[in-house]
Amino acid sequence: MIRLLCMNDYNQMYKLWKKSPGVGLRSLDDSREGIERFLRRNPSTNFISWEDGHIVGVILSGHDGRRGYIYHLCVEESYRRRSIGRKLVEHVIMAMRNEKINKLALVAFHDNSPANNFWNKMGWEIRRDLNYYTISLNDNNL
Ligand SMILES: CC(C)(COP(=O)(O)OP(=O)(O)OC[C@H]1O[C@@H](n2cnc3c(N)ncnc32)[C@H](O)[C@@H]1OP(=O)(O)O)[C@@H](O)C(=O)NCCC(=O)NCCS
């Protein structure tokens, strides 16, 4: 079953992230306070997959009124290759369409082959013509 993510899911969700290589966690952004702020701004674009009495997948995504971004997608290892990842992405796409967002983006580590295979299979375009620039506004957000 897929449903909207809420703050009551935080502990279970964070445990799943922690044990999943490929999910790059940030100490401030992914803290309880950071996620609470994010969900307040983006109440309808974050989902969990619930099976066998616990969370087996999470997708964290939001938009700024123009672009939508997926920040974390994660499926528990023993539940992978059962289309849970695909369904979570489909829910985000539907939610973003409802909010009139026209384009989504995400970042995946080069060496994360499962993730890169997944996004290719989902039909997402890899942009080799762009450099991804960031600047940190808080040195504590590692
Ligand atoms: C990437 C991830 C979310 C995929 O979740 P999933 O539920 O296993 O994905 P799905 O079952 O919906 O896969 C859909 C299709 O993607 C492709 N795919 C998914 N995982 C793959 C893998 N490990 N190797 C090759 N192709 C893969 C397949 O074509 C698959 O279809 P198929 O099973 O019918 O062949 C999962 O591997 C994961 O949580 N990884 C760790 C966290 C992570 O790296 N997140 C991504 C950060 S950008």
Side-chain angles (χ1 to χ4, degrees), residues 1-99 101-138 140-142:
M1 176 199 68
I2 292 186
R3 64 156 170 79
L4 281 171
L5 170 70
C6 63
M7 274 319 285
N8 288 342
D9 299 318
Y10 181 81
N11 289 347
Q12 259 199 61
M13 171 180 80
Y14 195 82
K15 265 190 214 147
L16 176 58
W17 284 345
K18 278 289 264 193
K19 66 178 184 189
S20 305
V23 176
L25 291 178
R26 300 262 144 204
S27 59
L28 296 179
D29 295 343
D30 294 314
S31 67
R32 181 174 281 278
E33 294 68 29
I35 295 296
E36 204 160 19
R37 194 171 53 245
F38 187 76
L39 289 188
R40 260 201 310 275
R41 275 186 65 107
N42 296 283
S44 60
T45 56
N46 295 279
F47 299 92
I48 61 121
S49 173
W50 182 271
E51 303 273 340
D52 306 325
H54 69 291
I55 293 175
V56 298
V58 183
I59 192 162
L60 195 75
S61 74
H63 71 80
D64 54 18
R66 182 180 170 111
R67 287 283 177 269
Y69 295 92
I70 292 178
Y71 291 99
H72 297 314
L73 167 64
C74 182
V75 174
E76 187 177 327
E77 200 162 3
S78 52
Y79 287 82
R80 288 182 192 164
R81 303 303 290 264
R82 300 193 200 174
S83 297
I84 292 173
R86 174 196 297 274
K87 285 181 197 143
L88 287 167
V89 172
E90 285 169 357
H91 274 71
V92 162
I93 288 175
M94 246 183 325
M96 293 287 183
R97 277 193 208 280
N98 282 340
E99 307 221 1
I101 296 301
N102 298 307
K103 195 164 198 171
L104 305 182
L106 65 91
V107 173
F109 291 112
H110 280 150
D111 61 0
N112 188 348
S113 319
N116 287 297
N117 285 327
F118 172 82
W119 291 115
N120 272 315
K121 186 71 180 191
M122 295 299 101
W124 289 51
E125 181 193 2
I126 188 162
R127 296 294 299 264
R128 300 193 191 278
D129 55 332
L130 300 177
N131 288 334
Y132 178 63
Y133 285 89
T134 67
I135 190 167
S136 186
L137 304 184
N138 190 328
N140 293 323
N141 190 30
L142 299 171

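Everything quoted here is computed from the prediction, not taken from an experiment. Order of appearance sets the numbers: ligands from 1, and atoms from 1 within every ligand. Computed from heavy atoms alone, side chains included, the values below leave out hydrogens, waters and symmetry copies.
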Review point. Has the side chain of Asp64 got a donor or acceptor atom that lies under 3.5 Å from a matching backbone atom of Arg67?
Key: yes
Study note, to complete from the structure: Exactly one of Leu5, Val92, Leu73, Leu88 clears side-chain contact (heavy atoms from CB on, under 4.5 Å) with Ser61, and that residue is Val92
Review point. Do the side chain of His54 and the main chain of Asp52 share a donor and acceptor less than 3.5 angstrom apart?
Key: yes
**Study point:** Contacts of type side-chain contact (heavy atoms from CB on, under 4.5 Å), residue Arg127, not counting sequence neighbours
**Key:** Lys103, Glu125, Asp129, Leu130
Practice item. Mind telling me whether Tyr14 and Trp17 have parallel, tilted or perpendicular rings, with 30° and 60° as the class edges? Key: perpendicular
Check your understanding: Any idea which residues sit under 4.0 Å from ligand 1, heavy-atom distances?
Key -> Pro21, Gly22, Val23, Leu73, Cys74, Val75, Arg80, Arg81, Arg82, Ser83, Ile84, Gly85, Arg86, Val107, Ala108, Asn112, Pro114, Ala115, Asn117, Phe118, Trp119, Lys121, Met122
Practice item. Give a yes or no on whether the backbone of Ala115 and the side-chain of Asn112 come within a donor-acceptor separation of less than 3.5 Å. Key: yes
